[in-house]
Structures are given as C-alpha cells and as structure tokens.
**Student:** 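What follows is a single structure, and I will ask about it in a moment.
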2 protein chains.
Amino acid sequence: MKTIKIPDAAIARLALYSRPLRALLESGVSVISSEKLAQFCGVNPAQVRKDLAYFGEFGVRGVGYDVGDLLREIKKILATDKEWILCIVGIGNLGHAIVENENFRKMGYRFAAAFDKDPKKAGEELPCGLVIEPVSKLRELIRALHIQIGVITTPPDAAQRVADLLMDAGINGILNFSPTQVKTPKGYVIENVDFTVRFENLAYHISKVP
Amino acid sequence: MKTIKIPDAAIARLALYSRPLRALLESGVSVISSEKLAQFCGVNPAQVRKDLAYFGEFGVRGVGYDVGDLLREIKKILATDKEWILCIVGIGNLGHAIVENENFRKMGYRFAAAFDKDPKKAGEELPCGLVIEPVSKLRELIRALHIQIGVITTPPDAAQRVADLLMDAGINGILNFSPTQVKTPKGYVIENVDFTVRFENLAYHISKVP
DNA sequence: TTTTGTGAAGGAATTCACAGCA
DNA sequence: TGCTGTGAATTCCTTCACAAAA
C-alpha cells in the first residue's frame, strides 16, 4: 500500500488553521484564500495548500475555501468531530486548570474522572462537578466509563508510573504535562507537552536580541 | 560574519537534555555518554552530539560528558543561568497554575507582578504572595520592577491587545498561552504555546491506531 | 578500546512556480 | 482573471560513518 508520509507538523498546523476559521465563521465570512489564512497563522500560503492537499481537494480554484466546509473537514481529519472521554491524574494547580478549562469542553473533550494519589484530596468535589478519586480506582473507572485518553499532571517523578498504569488499564492515548519524557511501547500514542521548554526557548532567543 | 544556522529544534532539545542531567547529578552520576543521554530523551546519539557541537566541545573522547559541566553549559546557552523577571496577565485557572508553579522558581523564573482586567480581582492576594494588579498599572509596574518577560493567560480575544500593551511597556519577550497566534514586529520574541493543539494531535494519532 | 566531533550523505519539509480549472 | 493543487527545486534537519583523541 502506498502511503505518502504526512509530516507531524502538518497535523499541528491544521489545528492552527482551525482557530481563525472558527472566528471567521462566527463573523460571517464564508470564503477565504490560502493567502489570507496563511497570514492569520503566520505561515506560507503554499504550506496551507499543501497541508490541506494531503487529505483531499477542499478548495475551489479562482475562489478559495468555504470557511464552514473547511472547518468541518479539518475537524473530521483531526477526529475532533466526535466526543473524546478523558481522565486526568494529578490534581494540582495545573491539573485544576486543565480539567476546568472551558475551551476543552467546547472542543469536544469531556473529562469523566479525576484522580489524585493524595488521600486527603479523594472525595473532594471540583468546580466542574467531578469528585476526585483515589488512584486505586483508576483501572476500574477507566473501564467502566470508557475513558480513551489519559492526561498526566503529576510531578515528573510519578509520570512514567502513572502512564504505565493508564496503559495497563486499557488507555491508548496519553498527554503528559510533566517536564519529563514518558516512554510508551508501540501501539500507544504519547504527547509529551512540557511547556517549561518554551520558557527556555524564549530565554535563549531574548538573550540573542541586542 | 559567518553564522551557521542553529535549528530551533536543537534549542528545544537542549532543554530536554537538561532534565535527565539534573536527575543524574542529584543521584551522583558524574559522566554520561551521548548514547545514554539520547536514550533518556528518545533521540539519536548523533543528534545529541551535533546539538552540543553547535556551541562548543563539551565532551571527552572515549569517556563522555561530565554531567555537572554539561548541565552548566546548557544553562549558560539557554540563558537560564540567570534570573528572569516576569509578569503574567490574566489570572484564571491557567494563570494561577503558572504563577504558582514550583518548577519555574527553581528554574530561575521569578514572577514580579500579576495582572487581571477584572476589577473584582484587583487587590486579591495569591498564594505565592503576589497581589493582583489592574491592567492599568501594567506599564508603570513593568518599568519599575524591570520586568523582562510577559506571560499571557487571557482568553484568546484579548491576547493580541495584551501583547501590544506589553511591548509598548518595554517588554521584548512574550509567552502566549491563549489559543491564538499573537504577532509581533521584528525585535520582539514571541512563543505561542497553545497546548490545545496537542490534544488535537493526540486525537488524530489515536484515531489512526487500529 | 571507547566515545566524541564532524564532513558527507541522506531524508524531510518547505517554498517556488506554474499548469489547471472555475 | 484569480486562486487552487502539485511536481520540481530548494532549504533545512537528521543520521551515517569514520577520523581524532583520550
């Protein structure tokens, strides 16, 4: 079977394209050119066209792309046109921020369970309505609630252990926000986010500016 | 002047390398090979050597890299060997999580001011000891406190406006956590983080797994 | 012997430039 | 005419493979 390799960066850009598309749709703009969309996202117009072309022909020559159609197509490609059921492990400040985040629910991500190893936290009710569960119930709840994605917001030294637990419980997609690289065997999908890296990037670049 | 271009990805990886180095240093390991370090970070050993070689010769042939020295060198390169003074704008859940984050202080990032446009929040004291200031005092405080980096954790529709304010007040590095691409003129450094993109990446990849 | 540092090779991703179509 | 879709060209990044050094 012939499969053209799709750059991972292209996938990330599709998500980026969807942001202005959403805004344009709301403000009633119905058609947009690759040129304009590229401008919004700070990329090259050819890049936009090529990224979209990996998945089909969504535009009309001489005209551009229909905003609504394109947004729908991108959602379909990214599989964000359906609801995803998540759980989160580690309810510190960051865990809190993520589980309560408005944007996520709007995007179709639904947190169905929140875990913390601190026995003092278990039983506590979060503003979103979820009750914090002890990690001992992880396996059981993941199965019962059909949870598909696990989000890790524990300290770094617990991250790999939690990831192993999640995978063992049947989850195959993990988002790790702790500043350590979690490893997974084949068949599992891991996104290591570590945004502290971005601070370091910033520091590097600023220190180069005269 | 001859400048070999250093890939942005190389900078991000330097930060990645520093994570296991820190841990190794604490556990008393004094020397590490590119092979081992690469394993920890899930990259190619030649990559590690090449990334480091952009900045100098830090290793000893036949031996490896001194953990302490290498960590120090990486910090120097990333300019995280000095203290950075930051402010944050938008004290919602995420802003809270970032300003309170332990890791940042350890890494030498010091938040000196927190702003929110909500007048009800102004005056409120955060657990870290900072008092939330109204955005109207942004310019004055940035100058008075010698703030160098601005972190944006507002809703997306306010992000660009806040960025403009920050730049106008004399800041030249911005970290934007809202899911929109903030643009800056030349001479300013911007990192658009948008980790909701990572959720979409994950959804895409999971939906491809059988 | 072992492991770094690096030129050369190879591979990927981006951009160009234009044919193709509305 | 105007803008997409795409092969070709280019640029950029990664990996190989080996000389150099401890």
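Naming: A, B, ... by sequence-line order, numbering from 1 per chain. Side-chain atoms are counted along with the backbone in the values below, which use heavy atoms only and exclude waters and symmetry mates.
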**Student:** Once you round it to whole Å, what is the distance between P of D:dC12 and CG of A:Asp8?
**Tutor:**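 My rounded result for the distance is 21 Å.
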
**Student:** I'd like a table of atom pairs between the protein and nucleotides 3-7 of chain D - only N or O on both sides, under 3.5 Å - with the distance next to each one.
**Tutor:**
{"residue": "D:dC3", "atom": "O4'", "partner": "A:Gly62", "partner atom": "N", "Å": "3.1"}
{"residue": "D:dC3", "atom": "O2", "partner": "A:Gly62", "partner atom": "N", "Å": "3.0"}
{"residue": "D:dT4", "atom": "OP1", "partner": "A:Ser34", "partner atom": "N", "Å": "2.7"}
{"residue": "D:dT4", "atom": "OP2", "partner": "A:Ser34", "partner atom": "OG", "Å": "2.7"}
{"residue": "D:dG5", "atom": "OP1", "partner": "A:Phe58", "partner atom": "N", "Å": "3.2"}
{"residue": "D:dG5", "atom": "OP1", "partner": "A:Gly59", "partner atom": "N", "Å": "3.0"}
{"residue": "D:dG5", "atom": "OP2", "partner": "A:Tyr65", "partner atom": "OH", "Å": "2.7"}
{"residue": "D:dG5", "atom": "O4'", "partner": "A:Arg61", "partner atom": "NH2", "Å": "3.0"}
{"residue": "D:dG5", "atom": "O3'", "partner": "A:Glu57", "partner atom": "OE2", "Å": "3.4"}
{"residue": "D:dG5", "atom": "N7", "partner": "A:Arg49", "partner atom": "NE", "Å": "2.8"}
{"residue": "D:dG5", "atom": "O6", "partner": "A:Arg49", "partner atom": "NH2", "Å": "2.9"}
{"residue": "D:dG7", "atom": "O6", "partner": "A:Lys50", "partner atom": "NZ", "Å": "3.2"}

**Student:** Tell me whether A:Glu140 is salt-bridged to A:Arg143, with the criterion being a basic N under 4.0 Å from an acidic carboxylate O.
**Tutor:**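 No salt bridge links A:Glu140 with A:Arg143.
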
**Student:** Taking five pairs at each end, how big is the angle between the two axes of the helix from C:dT1-D:dA22 to C:dA22-D:dT1, to 10°?
**Tutor:**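 The value is 10°.
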
**Student:** Please report the shortest heavy-atom distance between A:Pro179 and A:Thr196, naming the atom on each side.
**Tutor:**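 Between these two residues, the closest heavy atoms are CB-OG1, 4.0 Å.
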
**Student:** Roughly how far apart are B:Lys208 NZ and A:Ile6 CD1, rounded to 0.5 Å?
**Tutor:**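 Reported to 0.5 Å precision, the distance equals 7.5 Å.
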
**Student:** Please report, rounded to the nearest Å, how far the P atom of D:dG2 is from the NZ atom of A:Lys36.
**Tutor:**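 So the NZ-P distance, A:Lys36 to D:dG2, works out to 13 Å.
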
**Student:** Not counting sequence neighbours, which residues clear salt bridge (charged side-chain N to carboxylate O under 4.0 Å, His left out) with B:Arg19? List them please.
**Tutor:**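 Per chain and number, B:Arg19 pairs via salt bridge (charged side-chain N to carboxylate O under 4.0 Å, His left out) with A:Asp194, A:Glu200.
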
**Student:** Got a second to check how far A:Ile85's CD1 is from A:Ile149's CD1, nearest 0.5 Å?
**Tutor:**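 Reported value, rounded in 0.5 Å steps: 10.0 Å.
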
**Student:** Reckon A:Arg13 has a side-chain N or O less than 4.0 Å from the OP1 or OP2 of C:dT14?
**Tutor:**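 For C:dT14, OP1 or OP2 has a side-chain N or O of A:Arg13 closer than 4.0 Å.
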
**Student:** Rounded off to whole Å, could you give me the CD-to-P distance for the B:Gln47 and C:dT4 pair?
**Tutor:**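 That distance rounds to 14 Å.
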
**Student:** Can you list every pair that meets side chain to side chain donor-acceptor pair (under 3.5 Å) and has a residue in residues 20-46 of chain A, with sequence neighbours left out?
**Tutor:**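 Residue pairs with at least one partner in residues 20-46 of chain A: A:Ser34-A:Arg49.
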
**Student:** Would you mind reading off the distance between B:Asp51 atom CG and D:dT15 atom C1', rounded to a whole angstrom?
**Tutor:**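 For the pair B:Asp51 CG and D:dT15 C1', the rounded distance is 12 Å.
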
**Student:** Show your reasoning for whether salt bridge (Lys or Arg N to Asp or Glu O under 4.0 Å) applies to A:Arg72 and A:Asp69.
**Tutor:** CA-CA 5 Å; A:Arg72 222 174 348 265; A:Asp69 287 352; 2.9 Å; yes

**Student:** What parts of residues 187-199 of chain A reach DNA chain D, counting only heavy atoms under 4.0 Å away?
**Tutor:**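 Nucleic-acid contacts, sorted: none.
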
**Student:** Can you tell me how far the CZ atom of A:Arg13 sits from the NZ atom of A:Lys50, to the nearest 0.5 Å?
**Tutor:**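 So the gap between those two atoms works out to 11.5 Å.
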
**Student:** Please check: side-chain N/O of A:Glu191 versus main-chain N/O of A:Asn176, any donor-acceptor pairing under 3.5 Å?
**Tutor:**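 No: the side chain of A:Glu191 does not pair with the backbone of A:Asn176.
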
**Student:** Hey, does the side chain of B:Thr153 reach the backbone of B:Val89 with a donor-acceptor pair shorter than 3.5 angstrom?
**Tutor:**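 A pair under 3.5 Å: yes.
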
**Student:** Nearest-Å distance, CG (B:Asn44) to P (D:dT14)?
**Tutor:**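 The distance from CG of B:Asn44 to P of D:dT14 comes to 10 Å, rounded to the nearest Å.
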
**Student:** Does anything in residues 163-202 of chain A form a ring-ring contact (aromatic ring centres under 6.0 Å, His included)? List the pairs, not counting sequence neighbours.
**Tutor:**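 Passing the test, one end in residues 163-202 of chain A: A:Phe177-B:Phe195, A:Phe195-B:Phe177, A:Phe199-B:Phe104, A:Phe199-B:Tyr109.
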
**Student:** Would you kindly give the CG-to-P distance between B:Leu16 and D:dT14, to the nearest whole Å?
**Tutor:**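 Spelled out: CG on B:Leu16 to P on D:dT14 is 13 Å.
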
